[in-house]
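The next block holds one structure in the form of structure tokens; read it before the comments.
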2 protein chains.
Amino acid sequence: MNKPSFRNWQSVQEEVLRRIHARVWKPGELIPNEADLALEFGCARTTVNRALQSLAESGLLDRRRKAGTRVAAQPVAKATLDITVIRIEIEDRGQKYGYQRIERHEAVPPLAISGSMKTHATRPLLHVRALHMADDTPYAFEDRWINPEVARDGFSESYETVSANEWLLKYVPYTHGEIAFSATSASPEEAKILCCQKNSALFAIDRLTWDGTLAVTKVRLLFAPGHQIRTIL
Amino acid sequence: MNKPSFRNWQSVQEEVLRRIHARVWKPGELIPNEADLALEFGCARTTVNRALQSLAESGLLDRRRKAGTRVAAQPVAKATLDITVIRIEIEDRGQKYGYQRIERHEAVPPLAISGSMKTHATRPLLHVRALHMADDTPYAFEDRWINPEVARDGFSESYETVSANEWLLKYVPYTHGEIAFSATSASPEEAKILCCQKNSALFAIDRLTWDGTLAVTKVRLLFAPGHQIRTIL
DNA sequence: ACAGTTTTTATGTATGTACATAATGTCATT
DNA sequence: AATGACATTATGTACATACATAAAAACTGT
């Protein structure tokens, strides 16, 4: 019965993970403290700490000073979705990317938009609508409002050949953002653009990015029917 | 012009993040090496390393030995979704949780199910269907197949009062899983269960969990119209 | 000019130590 | 019994150091 020694923090993490999944340490249970684990694993406490910290970050452990470390009672699985530029997303699948600008104009947005972007209700914003295509079939419809006050350079861009999706990410600073996923029925117009049946169920991503207290841009992406995003747990 | 010293790795991370967002270091650009940054920030290299490593993990930096650290050219935003037990999800919103088992029986699953679960095509699995409710209105419809070979204890459970969603997470070990999000049209039966219009656009989550090479359970969750999941970036 | 080898360099990570911090428990005082 | 002071303990984190590792760059011999 030789004790396998764990040389790096990842291997410690794996072992701890194994014990959690195998229910050696059950949900809600207290696990041994760092010093003891370090002793058992034959490594420094720092190493154990790094491993446990990483697991706590991903929600599998609850740690509190003095109180100790316990397996999360409600194992929150954190699904991490990689939100990337649509062009890359398509090219990564080995498909040909296509882009087509549908519309670009300045307009006073609906109240729902100016409200969530916290811009003045009468203030005109830049409105860009475009279609992303994969292998010449519609992939996603992008409907975007841009705050010209913040994205100054973005205002003069035509978005005819390079998508706002890509341009903004590359050139416009932002500090934080919100993202939401939902399902919605295709309106007649959306159906036409995406070449699908009216009322088809579409996967929607809404994103709103901020630079400090000012909204940079708000975008809705509607994906063609059948689209799904997947990840491993 | 006093140089603010950065005492902990989080503050270093914040400063680096600020510089990325403010485009002091532009996408694709090489940033100073750890030693130099440590000098500038007045802290140890370890501290800088911890900060940069954390940022690399979240996709904002690309790091390669010897080559150095550069701002990700394609800033992959990682949206982290907390997938928790539905009861908790509802209670966290301050709503009353309700649960109702619709069906529980043993059956040979459709090929699509046995195929993805890699069980024998003729092997019967446990099929459980149930409705989760929030404040007495339908919230999500759960349609689940359980592999009795793996989830032995789960097989004898009736799931009449406690959902399989909750029971399995608590008592059945697993090693890894897959999750997918999509949009789908409500079938007549699903519409009836969720009390919505036929063909409504529904948000769907499909999850498949494994214990080693054996599938534990495969579940589809259909959420009532209007449901959205959101997170910050 | 080319292929193979060595050096250099930036990141990756373990370690011992030291101290900070938060939560808990203990104990004396009232 | 309630209050407050203090000790204890587990985690949180910084630091200096040492060495590992990957990859680029420089060098070498043919």
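Residue numbering restarts at 1 for every chain, and letters A, B, ... go by the order of the sequence lines.
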(message) I want to verify a distance call: between C:dG12, C:dT15, C:dA14, whose nearest atom is closest to the A:Cys43 side chain?
(response) C:dT15
(request) Flag yes if more than 12 heavy atoms outside B:Arg19 fall under 6.0 Å of its CZ atom; otherwise flag no. (result) yes
(message) Please report the distance, rounded to the nearest Å, between CZ in B:Arg70 and C1' in D:dA24.
(response) 13 Å
(request) Return the value, rounded to whole Å, for the distance between atom CZ of A:Phe41 and atom P of C:dA14. (result) 13 Å
(message) Does B:Thr47 reach a base, just sugar-phosphate, or nothing at all? Heavy atoms under 4.0 Å.
(response) sugar-phosphate
(request) Give the rounded distance in Å between these two atoms: CZ of B:Arg64 and P of C:dG12. (result) 11 Å
(request) Side chain of A:Ala44 only, please: which of D:dG12, C:dT15, C:dA23 is the nearest? (result) C:dT15
(request) State which of C:dA14, D:dA14, C:dA22 makes the closest approach to the side chain of A:Asn8. (result) C:dA14
(message) Under 4.0 Å between a side-chain nitrogen and a carboxylate oxygen: does that hold for A:Arg220 and A:Asp143?
(response) no
(request) Using only side-chain N and O atoms of A:Asn49, determine if any of them is under 4.0 Å from OP1 or OP2 of D:dG12. (result) yes
(request) Would you please confirm or rule out a distance under 4.0 Å between OP1 or OP2 of C:dG16 and any side-chain N or O of A:Thr46? (result) no
(request) For A:Leu30 and C:dA23, give me the distance from atom CG to atom P, rounded to whole Å. (result) 16 Å
(request) Tell me which nucleotide among D:dT11, D:dA25, C:dA22 gets nearest to the side chain of B:Lys66. (result) D:dA25
(request) Let me know the distance between CG of B:Leu39 and C1' of D:dA16, rounded to the nearest Å. (result) 15 Å
(request) Please find out if less than 6.0 Å separates the ring center of A:Phe223 from that of A:Tyr139. (result) yes
(request) Assign each of B:Ile31 and A:Trp9 to its nearest nucleotide of DNA chain C by heavy atoms, then name whichever residue's nucleotide is nearer the 5' end. (result) B:Ile31
(request) Please determine, for the side chain of B:Arg63, which listed nucleotide (C:dA20, C:dA14, C:dT11) has the closest atom? (result) C:dT11
(message) For B:Asp135, is there an ion pair with B:Lys96 - N to carboxylate O distance below 4.0 angstrom?
(response) no
(request) Return the value, rounded to whole Å, for the distance between atom CD of B:Gln53 and atom P of C:dA10. (result) 18 Å
(request) Grab the CZ-C1' distance between B:Arg65 and D:dA22 for me, whole Å please. (result) 6 Å
(message) I'd like to know if A:Arg70 pairs up with A:Asp62 as an ion pair, taking the criterion as any Lys NZ or Arg NE/NH1/NH2 lying under 4.0 Å from an Asp or Glu carboxylate oxygen.
(response) no
(request) Figure out the CD/P separation between A:Gln13 and C:dA14, and round it to whole Å. (result) 11 Å
(message) Can you tell me which nucleotide in D:dT13, C:dT11, D:dC15 comes closest to the side chain of B:Arg45?
(response) C:dT11
(request) Look at A:Gln10 and C:dT13 and indicate whether a side-chain polar atom (N or O) is within less than 4.0 Å of OP1 or OP2. (result) yes
(message) If you compare every side-chain N and O of A:Arg50 against the phosphate oxygens of C:dG12 (OP1, OP2), does one of them come in below 4.0 Å?
(response) no
